[in-house]
Amino acid sequence: FDEPPAGLGMAPLARPPRQAGAPGRMHSLFLAALPEAADAARLHAHARRVEEQLGFAGRALDADRLHVTLHLLGACADEPPQAEVDRWCRAAVAVRHAPFDVVFDRVATFGGRDHPCVFTSTEDAGLHALHQALGIALANTGERVVRQRIAPHMTLSWRGRRTSPATMSGVS
């Protein structure tokens, strides 16, 4: 699923697992909103400047991997069965939602051992509504949907030092 369905700005992001050296490594599967290539490049460049200014020094995600997770689907060690992939695609294509802008206005690190540096938004009603619509569409295709509380964000890098949340107006 490297390309979103025609006319949608979202798609299941389930790339085949990379040939990893760690046997049994699990890979997260999820539906995500993907920025267009030019937006991803701009966000990536801005993230590098912000992280440098904040002294985060984490392991950056490549621009083509930037996304906003909308629905967790599970985890697997190999590629998921095609029937599941088809069901997830049917759900994503079935969603009709009014366009909305996503404006990231804060940068922060989340807890946990990997300390991801993320862009977040205080105006995330559109993302929450899309998350809910996807949950309904997934349930309508037979997917077992577990109620999830999401914190819309775009992960920029991993394993840097923790920082206090900052408004984007406070960094350039």
Side-chain angles (χ1 to χ4, degrees), residues 1-20 22-37 39-40 43 47 61-159 165:
F1 310 21
D2 292 330
E3 296 180 13
L8 293 178
M10 64 180 177
L13 182 62
R15 296 186 175 111
R18 295 177 190 223
Q19 299 303 318
R25 180 175 174 213
M26 298 301 286
H27 300 274
S28 296
L29 302 172
F30 48 89
L31 290 170
L34 307 173
E36 293 185 9
D39 292 331
L43 284 161
L61 268 67
D62 294 334
D64 67 347
R65 294 189 57 85
L66 295 177
H67 63 275
V68 177
T69 301
L70 295 169
H71 240 283
L72 301 173
L73 299 170
C76 69
D78 297 311
E79 286 191 55
Q82 189 61 45
E84 289 185 33
V85 172
D86 292 343
R87 185 174 62 245
W88 299 330
C89 286
R90 281 194 311 275
V93 170
V95 172
R96 297 293 176 253
H97 197 281
F100 60 92
D101 290 327
V102 176
V103 177
F104 296 111
D105 54 2
R106 298 185 62 76
V107 62
T109 53
F110 282 172
R113 65 183 175 88
D114 287 334
H115 310 290
C117 182
V118 301
F119 283 155
T120 63
S121 175
T122 55
E123 298 293 328
D124 55 14
L127 289 169
H128 280 285
L130 184 55
H131 166 77
Q132 183 176 11
L134 281 168
I136 292 167
L138 286 164
N140 287 340
T141 62
E143 184 74 17
R144 182 175 174 265
V145 178
V146 177
R147 189 175 171 112
Q148 304 170 2
R149 167 110 173 93
I150 64 166
H153 64 279
M154 179 176 284
T155 301
L156 308 170
S157 62
W158 297 92
R159 297 186 181 97

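All values below come from the heavy atoms of this structure, side chains included, with hydrogens, waters and symmetry mates left out. Keep in mind the model is a prediction, meaning the values are calculated, not measured.
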Original post:
What is the minimum heavy-atom distance between Leu70 and Ala32, and which atoms define it?
Top reply: CD1-C, 3.9 Å
Subject >> Over all atoms of both residues, closest heavy-atom pair of His97 and Leu130 >> reply: NE2-N, 3.6 Å
**OP:** Would you give the length of the straight line joining atom CD of Glu143 to atom CG of Leu134, rounded to the nearest 0.5 angstrom?
**Re:** 11.5 Å
Original post:
Which heavy atom in Val107 sits nearest to a heavy atom in Cys117, and how many Å separate them?
Top reply: CG2-SG, 3.8 Å
Original post:
Is there a donor-acceptor pair closer than 3.5 Å between any side-chain N or O of Ser121 and the backbone N or O of Val103?
Top reply: yes
Subject >> Test side chain to side chain contact (heavy atoms under 4.5 Å, CB included) applied to His131 - qualifying residues, sequence neighbours left out >> reply: His71, Gln148, Ile150
Original post:
What's the spacing between Leu43 CG and Glu36 CD if we round to 0.5 Å?
Top reply: 11.5 Å
Subject >> Minimum-distance pair of heavy atoms, taken over all atoms of Ala40 and Ala63 >> reply: CB-O, 3.5 Å
**OP:** Nearest 0.5 Å please: distance from the CE atom of Met154 over to the CZ atom of Arg65.
**Re:** 13.0 Å
Original post:
Which one of Phe110, Phe104, Phe119 satisfies the ring-ring contact (aromatic ring centres under 6.0 Å, His included) criterion with His153?
Top reply: Phe110
Original post:
Any idea which heavy atoms bring Leu34 and Leu66 closest together, and the distance?
Top reply: CD2-O, 4.2 Å
Original post:
Do Trp88 and Leu138 pass the side-chain contact (heavy atoms from CB on, under 4.5 Å) test, and can you show the C-alpha distance, the side-chain angles, and the key distance before you say yes or no?
Top reply: CA-CA 7 Å; Trp88 299 330; Leu138 286 164; 3.9 Å; yes
Subject >> Pro152 versus Leu127, closest heavy-atom pair with distance >> reply: CB-CD1, 3.4 Å
**OP:** Supply the atom-to-atom distance Glu84 CD to Glu79 CD, rounded to the nearest 0.5 angstrom.
**Re:** 12.5 Å
